[in-house]
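Order of the sequence lines sets the chain letters (A, B, ...), proteins ahead of strands, with each chain counted from 1. All values below come from the heavy atoms of this structure, side chains included, with hydrogens, waters and symmetry mates left out.
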Amino acid sequence: MIKITLPDGSVKEFAKGSTPMDVAYSISSGLARAVISAKFNDTTVETSTPLEIDGNLTLFTFNDKEGKEAFWHSSAHLMAQAVLKFYPDAKLTIGPAIENGFYYDVDFGENAPTDKDFKKIEDKMIEIARGKHEFKKRALSKADTLNLYKSEKNPFKVELVENLEDGDITFCDHDDFTDLCRGGHIPNTGIIKAVKLTSLAGAYWRGDETKPQLTRLYGISFPKQKMLTEYLQMIEEAKKRDHRKLGKELELFTFSNKVGQGLPLWLPKGAALRETLENFLKKAQKKAGYQMVISPHIGQKELYVTSGHYEKYGEDSFQPINTPKEGEEFLLKPMNCPHHCEIYNNKPFSYKDLPIRYAEFGTVYRYEQSGELHGLTRVRGFTQDDAHIFCTPEQLNEEFKAVIDIVLYVFKSLGFKDFNAQISLRDPNNKEKYIGSDENWEKAESAIIEASKEKGLDTNIVYGEAAFYGPKLDFMVKDALGRTWQLGTIQ
RNA sequence: GCCGAUGUAGCUCAGGGGUAGAGCGUUUCCUUGGUAAGGAAGAGGUCAUGGGUUCAAUUCCCAUCAUUGGCUCCA
């Protein structure tokens with residue numbers, strides 16, 4: 001017998017080799033119907049995994065994050081299987097669960113599906129699901145796995161397997177489908193009752209622009225038809241809150257293709273709204289000891305070359321602006337930083353003058369990739385509420401915390417409740433792409449971490465997201481459709 | 001920039017090889033003690049732009065531009 005401890009602390013005895021499903025049955029048949037996956041001693045297990053030793057067991061249903069993940073990951077297997085029925089030559093790559101649903105990246109070669117093919121794939125998925133096929137895990141040696149995928153001429157899977165550690169490779173089978181997989185599946189396909197393919201997109205293999213582009217099929221599935229209907233209604237409801245729709249209806253802003261892509265035109269009502277917002281922000285800044293400055297919309301190319309921005313972002317700038325004089329080159333200002341530094345350089349300061357805080361509503365222009373433009377959230381001309389602080393290393397912590405305070409005050413005043421702070425640090429595996437000494441980086445990184453901690457921020461650390469010249473603290477908010485946007489940055 | 005979708009009246013959208021439709025809005029008039037009300041008449045579109053195929057294109061094909069879902073990028 002083995003002793004199984006449940007999350008409520010109760011301990012039950014089971015025969016050795018009992019499965020999480022057996023445990024679920026011992027609690028109630030309702031739970032047994034609903035249980036999707038489980039965690040045993042901090043490892044994800046299938047509901048059919050035999051338990052051989054004493055331990056802690058948590059059962060997950062669709063209501064749990066872990067349950068959804070297993071459900072959607074399993075649905076991705078199902079989708080891949082359905083896709084292969086129509087596109088037998090398609091090469092599968094990876095198919096994970098995501099926040100809302102799942103996707104599978106597939107190399108279709110010449111004949112990729114379009115959204116007109118969604119229906120038949122969905123229908124096939126439901127047909128397969130109704131077969132109530134069990135998900136079964138099995139192991140294969142690395143060599144055999146490599147041979148398998150080489151014989152199938154699937155370079156993507158070969159690459160994946162080559163990067164795995166030596167030893168047994170796990171596969172997951174259901175019906176006539178098998179896929180390389182770590183595990184974490186639902187008991188059988190039958191509990192997938194509703195399926196919808198939501199979109200189709202190109203996605204680079206391993207997220208790398210220089211690698212082949214695959215076709216990514218997005219989908220979502222539920223254990224009840226009603227849940228799918230509700231989800232789709234929720235999406236419709238969220239679309240009503242889209243700022244682009246509101247901007248049009250409320251006559252706040254517009255775009256004109258005669259002016260140019262990503263260059264918003266503020267209508268009278270929008271300009272009034274913006275003025276109110278700017279006044280509110282300026283008041284907060286002045287109260288916090290900032291001095292307002294104003295810098296021009298253009299600057300000599302050399303200014304940005306010196307700052308290092310040109311090398312990194314020159315190609316993404318509007319440049320150069322030619323003048324009647326031969327050899328002169330100007331850029332439309334892509335960032336305010338070098339301008340504020342020149343303002344600081346206007347005269348020598350004593351350390352007793354520090355900190356000096358400059359703030360500006362600085363309008364900048366960036367040649368963003370056309371596919372990246374999005375309403376007012378990603379544009380080619382926009383105004384930054386931008387500030388730069390010149391201080392001594394000893395003042396850094398206090399200054400940093402004071403900036404966090406302003407951000408929190410503004411967010412609170414504007415009603416942003418659901419946000420988190422992302423600490424963006426260097427990519428530890430690729431330190432060459434950053435400027436400055438290791439020592440200064442470490443100082444700056446620990447200063448951000450320290451200040452965020454002291455302010456009690458809800459943070460997560462992301463490596464590789466730092467700017468080339470320093471780490472950042474990014475405030476991320478979600479839009480009505482759950483997409484994350486960077487709304488404020490301290491660096 | 002890449003993959004996909006879309007571009008028809010002010011707005012939301014239907015249609016489809018033979019010179020355009022609906023609802024809402026709008027204009028004028030009528031009705032109505034109550035106003036996101038009813039009725040009548042009307043205005044408004046070279047069906048994104050430029051090529052091509054065709055006797056004929058808004059409808060098919062190609063390109064461009066813009067919008068949009070993702071990917072990549074995001075100072």
Side-chain angles (χ1 to χ4, degrees), chain A residues 93 98 100-101 103-110 112-118 197-219 235-236 239-240 242 244-251 254-264 303-304 307-318 331-341 362 364-375 377-380 382 384 386 388 422 424 433-435 462 464-472 474 476 479 481-487 489-491:
Chain A
T93 67
I98 52 176
N100 285 303
Y103 68 76
Y104 214 113
D105 282 350
V106 184
D107 179 10
F108 284 97
E110 294 297 299
T114 70
D115 54 9
K116 306 219 173 16
D117 301 307
F118 283 4
L197 299 202
T198 48
S199 73
L200 174 151
Y204 301 105
W205 170 235
R206 307 221 126 179
D208 186 337
E209 215 174 348
T210 63
K211 293 192 168 149
Q213 191 163 44
L214 309 165
T215 300
R216 178 170 296 178
L217 286 165
Y218 283 93
I235 297 282
E236 285 309 307
K239 283 184 182 164
K240 293 180 188 166
D242 190 312
R244 292 167 296 190
K245 183 176 161 70
L246 293 172
K248 191 174 206 170
E249 285 172 2
L250 300 174
E251 295 180 11
T254 188
F255 290 88
S256 153
N257 53 20
K258 292 197 180 70
V259 175
Q261 243 189 328
L263 298 170
L303 176 67
Y304 309 103
S307 71
H309 287 100
Y310 189 82
E311 191 192 343
K312 182 91 178 164
Y313 301 110
E315 281 184 10
D316 302 321
S317 304
F318 284 93
L331 258 58
L332 270 176
K333 178 170 72 176
M335 77 291 295
N336 299 301
C337 322
H339 295 247
H340 286 190
C341 288
V364 296
Y365 300 89
R366 297 175 181 179
Y367 196 81
E368 303 287 5
Q369 295 183 32
S370 59
E372 256 309 329
L373 300 172
H374 183 101
T377 56
R378 192 80 181 268
V379 287
R380 286 183 169 169
F382 63 102
Q384 291 182 317
D386 204 359
H388 291 90
Q422 174 179 309
S424 302
K433 65 178 191 180
Y434 305 95
I435 60 166
V462 184
E465 290 291 311
F468 74 96
Y469 53 81
K472 304 187 289 174
D474 294 321
M476 314 300 284
D479 69 12
L481 287 168
R483 294 180 288 205
T484 303
W485 299 89
Q486 176 186 319
L487 190 61
T489 289
I490 313 175
Q491 61 182 30

With sugar-phosphate meaning primed atoms plus P, OP1 and OP2, does [X] contact a base, only sugar-phosphate, or nothing at under 4.0 Å between heavy atoms?
{"X": "A:R483", "result": "sugar-phosphate"}
{"X": "A:A203", "result": "sugar-phosphate"}
{"X": "A:G260", "result": "nothing"}

Is a donor-acceptor contact shorter than 3.5 angstrom present between the side chain of A:Y367 and the base of B:G1? no
Looking at A:R378 and B:C74, is any side-chain donor or acceptor paired with a base atom of the opposite kind under 3.5 Å? yes
Want to know the stems of RNA chain B: at least 3 consecutive Watson-Crick or G-U pairs with distances under 3.5 Å, which are they? B:1-7 with B:65-71, B:10-13 with B:21-24, B:26-31 with B:37-42, B:48-52 with B:60-64
Kindly write out the residues that satisfy side chain to side chain donor-acceptor pair (under 3.5 Å) with A:Q486, not counting sequence neighbours, or none if the list is empty. A:T489
Nearest-angstrom distance, C1' atom, B:U53 to B:C13: 30 Å
Toward the 5' end of RNA chain B, which comes first, A:L214 or A:D208, by nearest nucleotide? A:L214
Assuming nearest nucleotide by heavy-atom distance, tell me which of A:T114 and A:G314 is located more 5' along RNA chain B. A:T114
With under 30° as parallel and over 60° as perpendicular, where do the rings of A:H339 and A:Y304 fit, or are they tilted in between? tilted
Without decimals, in angstroms, what is the distance between A:H374 NE2 and B:A66 P? 17 Å
